[in-house]
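If you're wondering where the values come from, they're calculated on a predicted model, not measured in any experiment. Below, read A as the first sequence line, B as the second, and so on, with proteins coming before strands; counting in each chain starts at 1. Reckoned from all heavy atoms, side chains included, excluding hydrogens, waters and symmetry mates.
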Amino acid sequence: MTNREIADVLDQIGDMLEIQGENVFKVRSYRRAAETIGRCRFAITGATASEQLRELPGIGESLSQLILEVAATGTCPLREQLLAVIPQGLLDVLRVPGVGPKTAGALFHQLHVTDIRSLEEACRSGAVAALPRMGAKSQERILEGIALLQRSAGRILLSEAAAIAARVIEQLPPPCEPVVAGSFRRGRETVGDIDILAVEVQGLDPMAAFTGMPEVEQVLLHGDTRSSVVVKGGVQVDLRVIPRPSMGAALQYFTGSQQHNIRVRERAGAMGLRLSEYGLFDADDRQIAGASEAEVYGALGLDWIPPELREDAGEVARAAEHALPRLVELHDVRGDLQMHSQWSDGAHTIRQMAEAARARGLDYIAITDHSKALGVANGLDEDRLLRQIDEIRALNQELEGFTVLAGCEVEILADGRLDIADEVLAELDIVLACVHSGLNAPSEAITRRMVRAAEHPHVCIIGHPSGRLIGQRDRTALDLDALIRTCVDTHTALEVNSGPQRLDLCDHDVRRALEMGAHLVISTDAHSAESLSWLTYGVQTARRGWATPDRVLNTRPVAGLRAFFTMDGGNP
DNA sequence: GCCGTTTTCGGCCCGACTGTTTTCAGTCG
């Protein structure tokens, strides 16, 4: 069982307990444990898992035993017991907007609803409207909820969310200063819905502009302070209008995460204060903070916490000790170490990529076209690679104060050898090694393959190490710890690939790699000049992994970068 | 179920919106 699978079981138990009307705080402990296990950086199946588990926050005696049992057997008596009473399909019913645990329980017990299909039938027959505290409108809402669920996009990529958010903000009146909060602001790799906040301005009606946008498919709510719409593609967008003195508290609150907010509000409670989206209030209900986030955190004795860290993963305690790391920022990054040109499968010339990168404020780039084993991408063989190196050297003669490094995204072959001869690799400034085939290989095979590449004296960087494509392809069975260990030993960097579909290493892996002492590079893998803008997603992912600039090699000037890769004496 | 400069028992974040109700329960974030 992977940690993710264990977390899913915990969530499932939480759902079923909730439907049974179990104590909400008990339910919350299962949910919280699921969160914690989902991002936990050691394998629960490991031998030492038992002691490590007990050290995790929110996991006590009974949960740790349950988790170990699930890890070993895939299930546990509690889950089996619940599954004997509650049909699996009822858990899907919980995902229908407007149906919560209480409603699901009533639907099951009184109308024998067991899945979405039987729920729909119960609605069409009018039986749902006859339930206590339900009516025609509730029934209609549930039907709409089912339709919404069926055409909803689910979670979308960060880049897709960015495009939607930008379009919405464009259509809101500028004086209301709209900003995006939520998981988008935290830089999560996928976004469920888009939360936008706007300042209340006399005589301005952003709600009307919002619900009237041409891309709105359905208005879910339309209130004075909050409206919700579904835009084309099935994505939900929320707008909230906030009085200016509350803007900081609202931004803090709506940025989340929910677990982070609970942690912060508990702290407020312990200080005799009350924190809501309207501000921080004392016992006499006087507002003592709220206009800015820094003010709110500050009044709670906390340093301002970057949104990317707000996952209840220890950041509140660190903020209280004034010991948060200084995270890498977009403007720290001076170069981009993976991109493609027309030589292989890119859309633009080397010069065009260089000029676009320079316009974005970078000092250097590496051109890393594919190598010959990736025939579908028009990969370069040794001859073409040597000619490309000549072109890059010539271009550098013309560019003042900007450097194009000659690189290559070299294929790691099945046995861990590279597909370009060593004497040609020696001519390159940057060798990036990647796997694009055999991604379903067993753990030992893929690990041996990648470790061997990392040991190669010319290899500087292992690119998109996990091989996952978000929503399309799982990560390979690679033993990441083994690869990280090798990278630390050989002065090889691990890439944080900024492609919105990759974000690989992911946030948890970044934190793991840094804890083990590795160095990173953040690269765009751009196949066109426009995609150089992806850098921001990679930076956010690194920040979510608590990355500091000193551990991100491409924050260094080009000379410092080269120095790192030659420290083991074997690299170019 | 977890946890402890309020506590080893009794707490556990907080408010808007909706629908079905004459005061509130359920859902959502």
Quick test of your reading of the model: are A:Arg240 and A:Glu277 salt-bridged, counting only N-O distances below 4.0 Å? no

How many Å lie between CG on A:Asp195 and C1' on B:dC17, as a whole number? 15 Å

Report yes or no: is there a donor-acceptor pair, N or O only, under 3.5 Å between the side chain of A:Arg263 and the base of B:dC13? no

Does the distance from a Lys or Arg side-chain N to an Asp or Glu carboxylate O, for A:Glu22 and A:Lys102, drop under 4.0 Å? no

Separation of B:dG29 atom P from A:Ile196 atom CD1, nearest Å, is 15 Å

For nucleotides B:dC13 and B:dT6, find the distance between their P atoms and express it as a whole number of Å. 16 Å

Can you tell me how far P in B:dC9 sits from the matching atom in B:dA16, rounded to whole Å? 37 Å

Taking OP1 and OP2 of B:dC17, is either one under 4.0 Å from a side-chain nitrogen or oxygen of A:Thr225? yes

In whole Å, I'd like the distance from the CZ atom of A:Arg28 to the P atom of B:dC13. 4 Å

Quickly work out the A:Arg240 CZ to B:dC28 P distance and round it to whole Å. 13 Å

5'-most by nearest nucleotide on DNA chain B - A:Leu56 or A:Leu131: A:Leu56

Choosing from B:dG15, B:dT6, B:dG29, which nucleotide comes nearest the side chain of A:Asp193? B:dG29

Spacing of A:Leu94 atom CG relative to B:dG26 atom P, expressed in whole Å: 14 Å

Go through B:dC17, B:dG29, B:dG1 for me and flag the one nearest to the A:Asn23 side chain. B:dG1

Under a 4.0 Å N-O cut-off, is there an ion pair linking A:Glu293 with A:Arg310? yes

In whole angstrom, give me the gap between the C1' atoms of B:dT22 and B:dG29. 28 Å

Selection from B:dA16, B:dG1, B:dT20 that lies nearest to any side-chain heavy atom of A:Ser138: B:dT20

In the structure shown, which nucleotide is the Watson-Crick or G-U wobble counterpart of B:dG11, with both distances under 3.5 Å? B:dC2

Measuring only the C1' atom in each nucleotide, how far is B:dG26 from B:dT20? A whole number of Å is fine. 11 Å

Once you round it to whole Å, what is the distance between P of B:dG29 and CG of A:Leu275? 20 Å

Between A:Pro57 and A:Asp224, which has a closest nucleotide on DNA chain B that is more 5'? A:Pro57

So, is A:Arg274 close to the B:dG15 phosphate, meaning a side-chain N or O under 4.0 Å from OP1 or OP2? yes

Go through the N and O atoms of the side chain of A:Tyr253 and the base of B:dG15, and report whether any donor-acceptor pair is under 3.5 Å. no

Whole-Å distance, A:Leu273 CG to B:dC13 C1', equals 14 Å

Taken to the nearest whole Å, CZ/A:Arg141 to P/B:dC17 is 13 Å

When the P atoms of B:dG1 and B:dT7 are considered, how many whole Å apart are they? 25 Å

What distance, rounded to whole Å, do you find between the two C1' atoms, one in B:dT18 and one in B:dC12? 27 Å

Taking the minimum atom-to-atom distance to the side chain of A:Arg265, which one of B:dG26, B:dG1, B:dC14 wins? B:dC14

